[in-house]
Structures are given as structure tokens and as C-alpha cells.
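As C-alpha cells, the structure follows; a few thoughts come after it.
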There are 2 protein chains.
Amino acid sequence: MRVKRPTSFDIAELAGVSQSTVSRALRNDAMVSEDTRLRVAQAARLLNYKVDVNARNLRSQKTNTLALLLYEDPVTSQSLINPFFLSMLSSITKASARRGYDLLISFQQSSDDWSADYAASKRADGLIFLGYGDYLRYVDKISRLDEVSTAFVTWGPVVAGQPGHFIGSDNVRGAVEAVRHLVGRGRKRIAFLGDISEHCPEFRDRYTGYVQALEEAGLPVIEALYADAAASEEVGHQAILNLIDRDGPIDAVFGACDLLAIGAMNGLRERGLRVPEDVAVVGFDDIVAAPFTAPPLTTIRQDTAAAGELLVENLLRLIDGRPIETTQIATSLVVRGSCGGV
Amino acid sequence: MRVKRPTSFDIAELAGVSQSTVSRALRNDAMVSEDTRLRVAQAARLLNYKVDVNARNLRSQKTNTLALLLYEDPVTSQSLINPFFLSMLSSITKASARRGYDLLISFQQSSDDWSADYAASKRADGLIFLGYGDYLRYVDKISRLDEVSTAFVTWGPVVAGQPGHFIGSDNVRGAVEAVRHLVGRGRKRIAFLGDISEHCPEFRDRYTGYVQALEEAGLPVIEALYADAAASEEVGHQAILNLIDRDGPIDAVFGACDLLAIGAMNGLRERGLRVPEDVAVVGFDDIVAAPFTAPPLTTIRQDTAAAGELLVENLLRLIDGRPIETTQIATSLVVRGSCGGV
DNA sequence: TTGTACGCGTTATCAT
DNA sequence: ATGATAACGCGTACAA
């Protein structure tokens with residue numbers, strides 16, 4: 001027994017005005033006398049009227065909605081999402097809510113179900129891309145978005161010739177800071193964990209910072225201390241075991257992300273090495289779990305709150321046709337037990 | 001220089017059929033000859049046509065979208081969301097994607113910005129409520145939803161007389177299992193951490209299970225070993241300190257959620273007590289961080305993957321007017337270092 | 001199997 | 001400051 005949903009016409013009748021006036025009154029849109037505004041508001045409350053957003057969107061060609069597309073390599077994620085992105089997601093949600101935008105989210109599992117039609121089908125006014133995934137795989141699709149002038153921003157490093165607008169942490173500086181910290185504690189044989197192929201430009205930037213800090217300290221960059229690794233705990237675990245067993249002693253590990261660092265700590269423990277006494281460990285991200293590991297993880301914090309704000313803010317600028325401003329976010333070193341802290 | 005978006009009329013012209021036929025062909029909806037279907041599909045691809053979902057939704061009175069409303073007590077959450085809910089969020093996203101539904105998400109920060117109009121304004125076909133928040137505060141609003149026959153499901157325990165459909169873990173059994181495990185390791189003075197007021201019925205159920213397991217083991221329920229605590233790490237930390245300092249020795253802690261248990265472990269360490277030798281600890285949830293704590297946290301796992309599926313599945317049933325089936329999910333004990341494991 | 005005609009509920013435009 | 005009217009783009013009876 002469904003009651004008919006009231007329309008603006010019903011409100012109009014009840015308030016004794018025309019339907020178009022109702023529309024204006026509710027939107028605070030144009031000049032409406034205080035008197036009628038109140039009568040309309042009251043009538044609306046009485047009938048429990050809510051604007052039909054589909055009609056509104058259709059007419060106004062605006063959705064007041066953003067879409068967040070999270071993509072991760074299926075290889076990397078065993079049905080679990082990297083905590084860092086969950087944190088980003090949380091801050092993006094809040095940022096868009098503060099701006100009065102709804103947020104639609106979608107996890108892209110394979111590159112096939114690429115449902116970036118969100119904009120084309122007028123489901124959203126703009127798109128936010130987020131992921132540690134393989135960027136290369138998405139470039140052509142993203143270019144297509146660019147061609148049809150869809151508004152979108154991507155979380156990540158600026159890659160030469162990449163279409164669209166990238167916003168991200170200053171990965172190079174962050175990594176420099178991490179490695180400087182290790183060097184400052186007297187570490188000399190510092191392993192790097194992470195995939196630095198062109199598929200993972202963020203990790204590549206962090207590797208660049210790693211090299212930079214080593215050189216600046218006059219330390220050699222030892223190739224054997226680099227271990228390719230996708231972004232997960234298990235992978236980090238395996239990678240460090242292989243590295244230790246094959247290439248001998250290390251006194252520190254810099255993980256390109258916290259999950260890798262955590263995996264490494266587990267591997268080190270398995271080999272009877274103490275953290276930080278024998279091997280100091282620094283990660284990158286500062287995920288929620290980082291303070292709770294054993295020992296607590298020293299890491300480079302990415303300011304997800306600021307990141308969410310910046311992504312949303314800039315996306316809205318794009319939607320309005322205004323120019324984008326800042327695109328880089330400062331990181332900060334968080335010292336905990338795994339290197340230099342308690 | 002924006003190009004005009006193609007409409008179904010444009011496709012119709014290009015394919016040499018009527019607009020209504022285009023609509024049918026694209027929806028695979030009615031009888032359409034293979035021939036015309038192909039011509040239409042080709043024309044659509046050529047013009048890069050996408051259905052305007054607002055028009056579609058308006059016309060069909062269906063959105064193919066679900067809304068996820070996450071609410072947490074502002075007291076409890078200092079701008080950080082409980083990892084458990086992030087995990088739920090992730091699984092719900094996937095579940096609804098699998099069903100071909102878009103997901104709209106919203107974090108309810110205060111009870112004021114109660115934007116549960118998602119259904120009333122035809123933004124979504126159904127709602128999912130999720131939260132460790134104060135249930136009582138939401139009951140009346142939820143009742144109103146029930147009155148206007150909005151389709152919605154709530155993650156949580158079944159509370160007598162509560163409107164709507166609740167779906168959740170079997171908190172009592174889970175807690176029983178947790179405490180049995182502690183008892184089985186010879187623990188006798190087992191503290192309980194968590195708010196068991198009517199505001200937190202889930203925690204209350206877990207307390208019920210705690211009491212049940214103690215009684216079944218012939219152990220006394222010692223009131224002094226209960227500590228009220230909201231769901232956060234800091235609160236757990238403080239609570240255990242107070243409890244130890246005031247009420248003397250304990251040999252185990254059962255935290256109503258993992259964050260509380262983790263906080264407790266930190267507090268115990270601060271007082272020089274070893275986990276699990278001096279005090280064994282068991283949590284509830286099995287959040288992402290649980291395996292990484294020191295020692296790894298023994299806990300009751302809530303099957304978030306199954307939960308997400310069940311919530312979405314049942315919500316869709318409600319939307320279709322079909323009856324709801326299962327509403328309880330089994331938990332499982334995960335033994336790790338903090339009690340009985342390595 | 002396909003075409004015709006209308007309506008979904010709102011916002012925009014042009015009057016007054 | 002308000003009213004009348006025309007779109008917005010698609011789905012669906014109904015007719016053919």
C-alpha cells in the first residue's frame with residue numbers, strides 16, 4: 001500500500017503558489033518573498049516532500065555527486081584493500097560531504113570492468129582515481145576520459161606525458177627523509193623493498209629518494225639490497241627472506257609502503273634478527289596498524305586528511321572550469337620503535 | 001568547446017530506427033531482431049553513447065544504487081574510522097558491485113546531518129546502516145524510515161522492538177568462544193572491556209556471552225573486573241590502567257573490540273605485565289592490524305566478506321519485496337600470540 | 001517486430 | 001516577486 005510521493009505541484013497547491021515558485025523557494029534560488037518561502041517550507045514539511053534528484057539532475061545537467069574509483073592490482077590484493085587507501089577513502093568521503101557532494105564509490109577489480117562511465121552517463125560530475133595499481137594499464141582509458149573532457153583527478157605521482165591532473169605526496173622527499181633517518185642512526189646496508197618498475201611510479205619515486213639520500217651520505221647504492229616487491233605484507237615477508245638468505249647482512253630496511261615494512265619485520269623475526277637492534281625498519285604511509293606493530297613502525301606519514309581535501313577541492317575546481325592549484329602534499333617522519341623511537 | 005552529448009535519438013537516426021527501438025535494443029529488453037540490435041549497438045559505439053542515468057532513473061523510478069550510511073559516535077572516533085567498518089565497507093562495495101548496483105556512501109558525523117533522505121529523494125533504492133554508534137539516538141529516525149516503507153537493513157544485533165531488519169554476527173556465541181578459550185588456558189580473573197549500556201547493544205551481547213562462559217565454567221562474575229569503555233584504542237588503554245591500579249590483579253582481558261584489546265595490551269606493557277604470560281588478551285573483530293600487534297592478537301573474527309554479501313543480498317530482497325532469510329553470521333576464533341598461539 | 005505518443009518531476013526562460 | 005510553458009532524455013503502453 002504505497003502512498004503517492006508528493007511532487008512540487010502538490011506543495012504548490014497546498015501553499016497556494018505556482019509550482020515554479022515552489023522550486024525557487026526550496027532552492028533559495030531567486031528572489032522569493034519571505035512570506036511565500038515560509039509557506040512553501042511549511043507545506044513541504046507537512047507533506048514530507050523531498051526533491052527528486054533524478055528529475056533535478058536531468059533538468060540541470062548536474063549531479064552534485066563525485067565518483068571515487070579505487071583500483072588495485074588483483075595480484076597485489078587478496079580481496080583485502082590496502083589500509084592506506086581505506087584511510088584515503090575515509091578522508092575523501094568527509095571532504096566531499098563537507099562540500100555538499102555525494103560520493104559514489106567503486107572498486108575496480110580487473111581492468112575489464114572499467115566503469116569510468118560514471119561521468120559519461122551523468123552519474124557523477126567528476127571522478128577521483130585512487131590506487132597502487134598498474135598505471136600503465138589505465139593510461140589509454142584515462143586519455144579517452146581526457147579527450148571527452150571529463151573532470152577527473154588522479155592520486156599519484158606526476159608522470160611525464162600522463163594525461164589528466166595528478167595530486168600526491170612528495171614521494172621523493174619523503175623517502176629522502178626516511179633514509180636520512182636510517183643513515184643518521186648509523187645504518188649503512190639499507191635494503192629497499194618495492195616494485196620500482198614504471199608500473200608503480202610512486203614506488204619508483206621513493207626509490208629515487210632512497211638513492212638520493214644514500215649518495216648525499218656518501219654511501220654506495222648496493223644493487224643486491226634492492227628487492228622487487230608488490231604492495232602486500234606477504235610479499236614483503238618473502239622478499240626480505242630471499243634477500244637475507246641470498247645477499248647477506250643488512251642493518252636496515254626501507255619498505256616502499258608499510259605493508260611491505262611490516263612483512264619485512266615478520267621475516268626478520270623469523271630469522272632471529274631483532275628490530276631495531278640488528279635491523280632498523282622504516283616504512284611509508286603510516287597506516288592505522290603502524291603504531292601497533294612489534295615494535296611500533298617508524299614510517300613516513302602521508303597526510304590523508306589533507307590529501308582528501310586537496311583531491312576534492314581540485315576536482316571541484318576542474319568541474320567549475322577553474323585552474324588547479326596545489327598538487328603536492330608534504331610528508332612527515334613519524335619516529336617509533338622500529339627505528340630510533342620507543 | 002563541448003561537443004553535444006549524443007542521445008538515443010541520435011543513435012536512432014544513425015541506425016535508421018525509431019528512438020524507442022534504440023532503447024529496447026540497448027536494454028536487451030523486448031523483442032528486437034538480431035539485425036537491428038547490432039546496428040544499434042554499432043551506432044552507439046560509434047557515437048560513444050551512454051544512457052543518461054538520470055533520465056533513466058526518473059522514468060523508471062529505480063536507481064540501481066544503494067546507499068551506505070556509516071555512523072560513529074563523535075566521542076569515539078577522532079576523525080578516524082574504526083578499521084572494522086572500513087573492512088565492512090570494502091566488502092559491501094564489492095558485494096553491491098557484483099550485483100550491478102552502485103554504492104553511495106556517507107559518514108554520519110553528528111546525528112544532525114542525518115541525510116537518510118537518500119531514499120526519499122530517490123538517490124538510492126535502499127539503505128545500509130553501519131556503525132558502533134549510539135543506537136538509541138537513531139531509533140526514532142529509523143522508525144520514520146520504516147513508516148515510509150523505505151528499504152533498509154542495519155548491521156547490528158537484534159534488539160527487541162527495534163524497527164527494521166537487523167543483520168549481524170552472533171555476538172553472544174562469539175564472546176562465549178573467546179572466554180572459553182581464556183578459561184581453557186587456565187585464566188580465572190578475566191576483565192571485560194567495553195560499553196555495555198543499551199547504547200551499544202553489540203557490546204552488551206558480547207558481555208552476555210562473557211558472563212555465560214564464566215558461569216558455565218563455574219567461575220564467579222566479578223563486577224570489579226568490568227570496565228566501561230567506548231570503542232577506541234586510547235579508551236582501552238586508559239580503562240585497563242584504571243582497572244589494574246584500582247582493582248588489583250587480573251590474568252586475562254577480553255576486549256569487546258580489537259581496538260580496545262590493543263589499547264589494553266599497550267596499557268599492560270606500560271605496567272610491566274607480559275602478554276600472554278601474565279595477562280592473556282582476546283579481542284573481537286579481527287581487524288587488519290590484529291596479526292601485526294605485539295604479540296599478535298588472538299581474537300574473534302567477524303566474517304566481513306559474508307556480512308557484506310548478506311547485507312546487500314537481503315537489502316535487494318527487501319527492495320524486491322521478497323522476504324529476508326538469514327540474519328546471523330557465525331564468528332570464529334583466531335588463535336594468535338596474545339593467548340594460546342604463537 | 002517496430003513505431004507513435006506521452007509522461008516521469010524538476011529547473012530554465014520568458015513573460016508579467 | 002511570481003506565473004506559464006518548455007525542455008531535460010529515456011521508458012513504455014498502445015497501436016500498427
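Each chain gets a letter, A, B and so on, in the order the sequences are listed, and its residues count up from 1.
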* Asked: Quick one: do the Arg59(B) and Asn54(A) side chains pair a donor with an acceptor below 3.5 Å?
  -> no
* Select from Lys122(B) and Ser33(B) the residue whose nearest nucleotide in DNA chain C is closer to the 5' end of that strand. => Ser33(B)
* His165(B): which of Thr327(B), Leu318(B), Leu311(B), Asn314(B) passes side chain to side chain contact (heavy atoms under 4.5 Å, CB included) -> Leu318(B)
* To do: Please tell me which of the listed nucleotides, dT2(D), dT10(C), dC10(D), lies nearest to the side chain of Thr36(A)?
  => dT2(D)
* Is any side-chain heavy atom of Leu26(B) closer than 4.5 Å to a side-chain heavy atom of Tyr49(B)? -> yes
* To do: Round to the nearest Å and state the distance from Asn54(A) atom CG to dC10(D) atom C1'.
  => 12 Å
* **Between P of dG9(D) and NZ of Lys50(B), the distance in whole Å** => 17 Å
* dC8(C) OP1/OP2 closer than 4.0 Å to side-chain N/O of Ser60(B) -> no
* **Length of the CG-P vector between Asp35(A) and dT2(D), whole Å** => 8 Å
* With respect to the phosphate group of dT2(D), does any side-chain polar atom (N or O) of Thr21(A) fall under 4.0 Å of OP1 or OP2? -> no
* Establish, with yes or no, whether the OP1 or OP2 oxygen of dG9(C) is under 4.0 angstrom from a side-chain nitrogen or oxygen of Gln61(B). => yes
* Structure fact -> When rounded to whole Å, the CG to P distance for the pair Leu26(B) and dG9(D) reads 16 Å
* Contact under 4.0 Å: Ser18(B) side-chain N or O vs dG3(C) OP1/OP2 -> yes
* Within the structure, does a side-chain N or O atom of Ser8(B) lie under 4.0 Å from either OP1 or OP2 of dC10(D)? -> yes
* Which is true for Val17(A) with a 4.0 Å heavy-atom rule: it touches a base, it touches only sugar-phosphate, or it touches nothing? -> sugar-phosphate
* To do: Hey, which sits more toward the 5' end of DNA chain C by its nearest nucleotide, Gly16(B) or Asp52(A)?
  => Gly16(B)
* To do: Mind checking Ser20(B) for me? I need base, sugar-phosphate or nothing, with any heavy atom below 4.0 Å counting as a touch.
  => base
* **hbond_proxy Arg59(B) side chain to dG7(C) base (donor-acceptor, 3.5 Å cutoff)** => yes
* Asked: Under the 3.5 Å rule, do the base of dG3(C) and the side chain of Arg24(B) count as making a donor-acceptor pair?
  -> yes
* To do: Could you tell me the separation between the CZ atom of Arg56(A) and the C1' atom of dA7(D), rounded to a whole number of Å?
  => 17 Å
* Asked: Does Arg39(A) pair with Asp35(A) as a salt bridge, N-O distance under 4.0 Å?
  -> yes
* Asked: Between atom CZ in Arg123(A) and atom P in dG9(D), what is the gap in whole Å?
  -> 17 Å
* Contact class for Val51(A) vs. all strands (heavy atom < 4.0 Å): base, sugar-phosphate, or nothing? -> sugar-phosphate
* Does the pair Asp117(A)/Arg123(A) count as a salt bridge with the N-to-O cut at 4.0 Å? -> no
* Quick one: is Ser23(B) getting a side-chain N or O under 4.0 Å of the dG11(D) phosphate, OP1 or OP2? -> yes
* To the nearest Å, give me how far apart CG (Leu38(A)) and C1' (dA1(D)) are. => 15 Å
* To do: Grab the CZ-P distance between Arg27(B) and dT12(D) for me, whole Å please.
  => 8 Å
* Pair Glu309(B) + Arg98(B), salt bridge at N-O below 4.0 Å -> yes
